[in-house]
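A short write-up of the structure that comes next.
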Amino acid sequence: MTHLKFINVYIDGFRACHYEKLSKFECPHPTHTQEAAHWQKGYEYAETLDKILAHSLLKVA
């Protein structure tokens with residue numbers, strides 16, 4: 001799989017969490033594959049980003 005394809009899978013994981021609010025277990029790729037690992041990394045990045053943004057908004061308010 002090309003690097004560009006892995007980036008797309010990573011971004012799909014990010015979108016699934018940040019925009020679509022899907023569960024972490026709704027990964028469309030088979031478990032224990034590189035695609036699933038990249039999807040999970042994108043998902044986890046979006047989770048972290050959401051937490052940071054929520055925390056910073058609480059400080060401002």
Side-chain angles (χ1 to χ4, degrees):
M1 187 173 251
T2 65
H3 293 293
L4 186 58
K5 185 70 171 177
F6 281 128
I7 291 170
N8 285 334
V9 171
Y10 181 89
I11 292 171
D12 285 341
F14 182 90
R15 285 186 198 128
C17 178
H18 189 70
Y19 297 111
E20 299 170 16
K21 304 296 183 197
L22 296 178
S23 164
K24 185 179 219 175
F25 303 105
E26 295 184 56
C27 178
H29 304 284
T31 340
H32 306 300
T33 61
Q34 287 185 328
E35 291 89 353
H38 279 74
W39 192 92
Q40 293 291 335
K41 286 180 186 178
Y43 189 95
E44 291 168 4
Y45 179 75
E47 279 183 325
T48 303
L49 181 65
D50 286 344
K51 289 176 187 175
I52 290 170
L53 291 175
H55 184 69
S56 65
L57 289 176
L58 288 176
K59 285 185 175 182
V60 172

Show me, pair by pair, the donor-acceptor contacts under 3.5 angstrom made by side chains of residues 42-51, not counting sequence neighbours?
{"from": "Tyr43", "atom 1": "OH", "to": "Leu22", "atom 2": "O", "distance (Å)": "2.6"}
{"from": "Tyr43", "atom 1": "OH", "to": "Lys24", "atom 2": "N", "distance (Å)": "3.2"}
{"from": "Glu44", "atom 1": "OE2", "to": "Lys24", "atom 2": "NZ", "distance (Å)": "3.3"}
{"from": "Thr48", "atom 1": "OG1", "to": "Glu44", "atom 2": "O", "distance (Å)": "3.0"}
{"from": "Asp50", "atom 1": "OD1", "to": "His18", "atom 2": "ND1", "distance (Å)": "2.6"}

Please tabulate, for the side chains in residues 6-16, all donor-acceptor contacts under 3.5 angstrom to protein atoms that are two or more places apart in sequence or on a different chain.
{"from": "Asp12", "atom 1": "OD1", "to": "Arg15", "atom 2": "NH1", "distance (Å)": "3.1"}

What pairs with Ser23 under side chain to side chain contact (heavy atoms under 4.5 Å, CB included), at least two apart in sequence or on another chain?
Phe25, Glu26

